[in-house]
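Remember, it's 1-based here, ligands and their atoms both numbered in the order they're listed.
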Amino acid sequence: MIILDGFGVANERNKKLNQHILEHIQKGNRRPHLSIILIGENPASLSYVKGKGKACEVAGIDHKLHHLPDDVTFNEVLSLIQSLNKNPNVDGMILQLPIPKHLDENTLIDAISKDKDADGFHVINQGNLYQKKPTIQPATPKGIMTLLAHYNISISGLDAVIVGRSNIVGFPVARLLMDQGATITVCHRQTKDLASHTRKADLLVVASGKPHLVTKDMIKPGAIIIDVGVNRVDGKLVGDVDFEGAKEVASYITPVPRGVGPMTINALLENTYELYLKHI
Ligand code: NAP
């Protein structure tokens, strides 16, 4: 069994990005810039934002945190997004999710210019993805694909099962895996017998947000396991897969933490760099 070291791979890629950025600086260009909008005091979001800032420093990307209070109005957030859209020194921006319920998440995400959409969530960027056109890909699915490619895992012909159908993880990762030749099953809460599907998976991606939803008995021996979940249980971070059991049967597996999380951040930075190249 091989542990897919998302932390190590992401760190290497962030350092490589730094080298590319230095070349642009030497030519007299400015650094790339990522603006992060955070609303409220959600401890998980605060920690993700901190991680994103640290990775920006490794990659040499300027970053600014716009930290807004919980009771900020929709118009206040919208006007911040609009001013960042207009700022020629901002290459990418993200709205850290989740946001408070009184704010309309989809409208705010689509208010971000598609040319500054570092998370790849904008409706046009997602539309391009589904039509197989070049686009800014959503960060977590892109990070997962990069990690699989790093370990030379060939997707073509695999039976891939994805647990979760969200717009930011499950659905787009299904699309990307299908594009690379996997045969896809997408499971969700209405799926009748989850284990009957997961047991058939050569490649199993779990993005349910349910700690230890997938146990050893639900995994086909030799399967590749990508655990996207990040859950805090008794003060400890755990995934959606029972890692200790799963590692006894899997061929490859991502740990939680230090698996998909750092790859998501690396993909966010690579997206920011891609947008920067279009802007300079
Ligand atoms: P989400 O929007 O809540 O979606 C969860 C999906 O899982 C839904 O499609 C849901 O089905 C499905 N699901 C929930 N319980 C299930 C069950 N018992 N059986 C089968 N399907 C079930 O979550 P998300 O944003 O996709 O995130 C998923 C997890 O990944 C969370 O733990 C999140 O924190 C984590 N995450 C991690 C990263 C990272 O970088 N590591 C990035 C993003 C998200 P329905 O559609 O039927 O409701």
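Closest protein heavy atom to atom 27 (O) of ligand 1: V169 CG2, 4.4 Å. Looking from atom 40 (O) of ligand 1 to the surrounding protein, the closest heavy atom is T264 OG1, 2.8 Å. In terms of protein heavy-atom proximity, atom 11 (O) of ligand 1 is nearest to R189 N, 3.4 Å. Remark: minimum distance from atom 25 (O) of ligand 1 to any protein heavy atom is reached at I168 CD1, 3.6 Å. Here the protein heavy atom with the shortest distance to atom 37 (C) of ligand 1 is V228 O, 3.1 Å.
Considering backbone and side-chain N/O of V230, one or more are found under 3.5 Å from N/O of ligand 1. Between D240 and ligand 1, no pair of N/O atoms sits closer than 3.5 Å.
For ligand 1, the atoms closer than 4.0 angstrom to any heavy atom of Q190 are 47 (O). Shown in contact with G209 at under 4.0 Å from a heavy atom are these atoms of ligand 1, numbered in order with element: 28 (C), 29 (C), 31 (C), 32 (O). Each of the atoms 40 (O), 42 (C), 43 (C) of ligand 1 lies under 4.0 Å from some heavy atom of T140. Atoms of ligand 1 lying under 4.0 Å from at least one heavy atom of G164, given by number and element, are 6 (C), 7 (O), 9 (O), 12 (C).
Put simply, no part of G170 is less than 4.0 Å from ligand 1, judged by heavy atoms.
For L147 against G6, the heavy-atom pair with the smallest separation is CD1-CA, 3.9 Å.
For the residue pair Q137 and R175, no side-chain donor N or O sits within less than 3.5 Å of a side-chain acceptor on the partner. Using modelled atom types, one finds no donor on one side chain facing an acceptor on the other under 3.5 Å when comparing T73 with N75. N89 and H33 share no side-chain donor-acceptor pair at under 3.5 Å. In this model, a donor atom of one side chain and an acceptor atom of the other lie less than 3.5 Å apart for D240 and N231.
Both L158 and L177 are members of a single hydrophobic cluster when ILVMFWY side chains are connected at heavy-atom separations under 4.5 Å.
The nearest non-hydrogen atom to atom 18 (N) of ligand 1, considering only V238, T191, L213, comes from L213. Considering each of S166, S208, G239, the one bringing a non-hydrogen atom nearest atom 5 (C) of ligand 1 is S208. Across K210, R165, M263, R232, heavy-atom proximity to atom 47 (O) of ligand 1 is greatest for R165.
Within a 4.0 Å radius of atom 3 (O) of ligand 1, the protein has no heavy atom.
Counting heavy-atom neighbours within 6.0 Å of F171 CZ, excluding the residue itself, gives a total of 12 or less.
Looking at T272, its side chain never comes within 3.5 Å of a backbone N or O of L34 through a donor-acceptor pair. Side chain of Y151 to main chain of D5: a donor-acceptor pair is present (N/O by atom type, distance under 3.5 Å, no hydrogens or angles). H122 contributes no side-chain N or O that, together with a main-chain N or O of I136, makes up a donor-acceptor pair within less than 3.5 Å.
The pair R30-D91 meets the salt-bridge criterion, with a side-chain N (NZ, NE, NH1 or NH2) lying under 4.0 Å from an Asp/Glu carboxylate O.
Of all the heavy atoms of V163, the ones lying under 4.0 Å from any atom of ligand 1 belong exclusively to the side chain.
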